[in-house]
Amino acid sequence: MQPDRPDQPPRPGLRHRFAGRTRPLIALGAALGVVGGVAAGYAVQYGRPPTPLPPLAAGVSAQSAQAVGGAAPRPVAAPWSDGDLETLLAPRPEGARPQVSGSRRLRLDRFAAGYTEPAELFKTLAKNGFQRAAYDIWRLGSLTVRTDLVQFRDMWDASAARYVEDGQGGSVLRHAHEVKLAGTATGALYVEAKAQEFPDSAPLYTARALARRGTVVMDMAFQDTKPLDEAALRPLAQRQLDKLMKAPAQAQPRTIGDPQATGAEAAALRAELLPSPGGPAYGPEPGSFRNDSTIGAEQSELLALQLSDWLPAGRRDAFFSALRRRGVVGSAVRTYRVPGQIVEVQLMRLKPGGRGGVPAALVGDGVRTGPSVPGRPDARCVLPEEYGAKGMTSMLCAGEVRDRLVVLTAYGPEGLDASHAARHLSQQLGRAGTQGGTA
């Protein structure tokens with residue numbers, strides 16, 4: 001099924017619910033663990049920038065040639081066909097106090113947790129091609145500002161258009177004063193005259209700026225304990241929009257240590273991954289890396305850390321130490337969209353002759369034992385002791401076969417079907433190490 005055209009009425013069941021942050025921005029950041037917490041990212045630990053991510057849509061693919069209703073497909077004006085989405089965040093103004101440290105990428109579940117009805121939003125965004133997001137939070141005096149850049153994997157950029165349309169049509173923004181932003185037909189700043197009530201917080205005055213370029217959405221939220229001055233907010237929103245609109249179509253890729261793995265061995269390892277029902281590169285980006293890609297040893301270690309970032313420090317250290325003792329040569333990476341969850345798979349090629357035991361390092365204090373993996377008694381799955389931000393949860397699994405290690409992360413709303421991910425791991429282990437992915 002092809003996505004809706006942005007100039008056509010949306011199909012039933014595809015409407016998003018984007019309006020309505022559930023908490024003050026600073027409380028939201030703390031709840032997500034992004035203010036100096038685990039999600040600050042391992043880019044700081046490594047002292048290197050993240051690997052570039054691919055475009056949402058840099059042009060028209062062969063698959064898109066079959067247009068909706070026979071209409072000719074049109075290319076999307078992708079603002080960033082390569083490079084790091086975080087670099088499209090505008091610099092903080094002079095005197096601003098950052099509320100985020102380290103990596104500013106944001107996984108789908110952590111993004112959805114900031115809105116009303118997060119489970120519904122998670123499923124809708126996953127269904128409609130959420131690819132990646134980057135964010136920033138800073139304070140200037142009593143003003144708090146959060147910026148989200150959200151990119152969709154949508155040939156027709158209908159999901160990005162609907163994000164903006166639904167946000168602008170929300171019950172709150174319909175009563176706000178609209179200030180148009182230059183450089184886009186639909187981008188605008190919406191300033192509320194009346195304060196909103198939040199639980200456990202003083203009343204807050206709010207504003208929101210929404211705009212997009214192609215498949216990338218700019219969503220800025222402003223909060224203050226004092227009435228907001230639109231003359232002061234508009235330059236902040238315009239500066240971020242200008243940063244997005246002026247970005248080149250292509251950027252010099254940023255790398256971490258070794259370059260992306262290529263050649264016959266990398267292609268053979270990628271062929272061992274289970275096929276995606278929606279085709280390659282269908283789900284969101286895994287960590288800082290491209291979906292459906294092959295990466296080298298150093299990048300493989302970083303991705304393994306990112307996929308396990310919710311583990312308690314002791315378990316994470318034990319897991320990573322076991323991984324390094326075993327020795328990684330390279331990885332193939334693929335993300336899968338399944339009902340109610342996202343599954344990320346990292347298939348690693350290990351150095352020959354090493355001792356096993358990496359999966360067992362996941363088990364211990366601070367985690368709950370997950371489901372058993374069918375037919376794989378040495379594989380392990382663990383879950384957090386408590387649910388994450390706003391009813392979201394994750395599960396991490398690992399299994400070894402021959403000189404292959406599979407690390408799998410499943411995440412989504414509370415009630416995650418953990419057995420599905422366990423079966424996926426079992427199937428992937430059965431395929432790993434086989435010629436061209438066939439037993």
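Index from 1, following the sequence.
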Provide the closest heavy-atom pair for [X] versus [Y] in the form atom of the first, atom of the second, distance.
{"X": "Leu362", "Y": "Leu311", "result": "CD2-CD1, 3.9 Å"}
{"X": "Trp138", "Y": "Arg92", "result": "CD1-CG, 3.5 Å"}
{"X": "Pro371", "Y": "Leu383", "result": "CD-CD1, 4.4 Å"}
{"X": "Ala231", "Y": "Pro235", "result": "O-CD, 3.0 Å"}
{"X": "Pro384", "Y": "Arg368", "result": "O-NE, 2.8 Å"}

Is the closest side-chain heavy-atom distance between [X] and [Y] below 4.5 Å?
{"X": "Cys397", "Y": "Arg380", "value": "no"}
{"X": "Gln306", "Y": "Arg105", "value": "yes"}
{"X": "Tyr190", "Y": "Leu233", "value": "no"}
{"X": "Tyr411", "Y": "Pro284", "value": "yes"}
{"X": "Leu302", "Y": "Phe289", "value": "yes"}
{"X": "Leu241", "Y": "Thr184", "value": "yes"}
{"X": "Gln238", "Y": "Leu189", "value": "no"}
{"X": "Leu140", "Y": "Leu236", "value": "no"}

Nearest 0.5 angstrom please: [X] [atom1] to [Y] [atom2], how far?
{"X": "Leu416", "Y": "Glu414", "atom1": "CG", "atom2": "CD", "answer": "10.5 Å"}
{"X": "Leu88", "Y": "Thr147", "atom1": "CG", "atom2": "OG1", "answer": "12.0 Å"}
{"X": "Leu108", "Y": "Lys123", "atom1": "CG", "atom2": "NZ", "answer": "12.0 Å"}
{"X": "Phe122", "Y": "Ile342", "atom1": "CZ", "atom2": "CD1", "answer": "5.0 Å"}
{"X": "Asp109", "Y": "Leu125", "atom1": "CG", "atom2": "CG", "answer": "11.5 Å"}
{"X": "Arg153", "Y": "Phe130", "atom1": "CZ", "atom2": "CZ", "answer": "10.5 Å"}

Would you check if there is a donor-acceptor pair between the side chains of [Y] and [X] at a distance under 3.5 Å?
{"X": "Ser331", "Y": "Gln346", "result": "yes"}
{"X": "Arg107", "Y": "Ser394", "result": "yes"}
{"X": "Gln196", "Y": "Thr206", "result": "yes"}

Review point. Does Lys226 come within less than 4.0 Å of Asp224, counting only side-chain N to carboxylate O?
Key: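 No, Lys226 and Asp224 are not salt-bridged.
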Point to revise | Note: Asp309-Arg110 ion pair, threshold 4.0 Å (strictly below) | key: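 Salt bridge flag = yes for Arg110 with Asp309.
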Exercise for review: Please say whether more than 12 non-hydrogen atoms of neighbouring residues, nucleotides or ligands are located less than 6.0 Å from NZ in Lys180.
Suggested key: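 Yes, because the 6.0 Å sphere around NZ of Lys180 holds more than 12 heavy atoms from other groups.
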Verify, without hydrogens or angle tests, whether [X] (side chain) and [Y] (backbone) share a donor-acceptor contact under 3.5 angstrom.
{"X": "Thr294", "Y": "Ala266", "result": "no"}
{"X": "Arg239", "Y": "Pro91", "result": "yes"}
{"X": "Arg334", "Y": "Leu274", "result": "yes"}
{"X": "Arg104", "Y": "Asp136", "result": "no"}
{"X": "Glu344", "Y": "Thr409", "result": "no"}
{"X": "Gln341", "Y": "Asp417", "result": "yes"}
{"X": "Asn291", "Y": "Gly283", "result": "yes"}
{"X": "Arg431", "Y": "Glu272", "result": "yes"}
{"X": "Gln168", "Y": "Ala211", "result": "no"}
{"X": "Gln99", "Y": "Arg97", "result": "yes"}

**Study point:** side-chain contact (heavy atoms from CB on, under 4.5 Å) between Gln428 and Leu408, intermediate numbers included
**Key:** CA-CA 10 Å; Gln428 181 60 77; Leu408 179 151; over 6 Å; no
Exercise for review: Show the numbers, then the answer: is there a side-chain contact (heavy atoms from CB on, under 4.5 Å) between Leu85 and Gln131?
Suggested key: CA-CA 11 Å; Leu85 190 63; Gln131 183 180 4; over 6 Å; no
Review point. Hey, mind stepping through Phe319 and Val382 against side-chain contact (heavy atoms from CB on, under 4.5 Å) and telling me if it holds?
Key: CA-CA 12 Å; Phe319 172 68; Val382 295; over 6 Å; no
Check your understanding: Are Thr335 and Glu285 close enough, and set up right, to give a side-chain contact (heavy atoms from CB on, under 4.5 Å), and what steps lead you there?
Key -> CA-CA 7 Å; Thr335 305; Glu285 304 297 347; over 6 Å; no
Exercise for review: Only counting residues at least two apart or in another chain, list the ones meeting side-chain hydrogen bond (donor to acceptor under 3.5 Å, both in side chains) with Gln427.
Suggested key: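 None.
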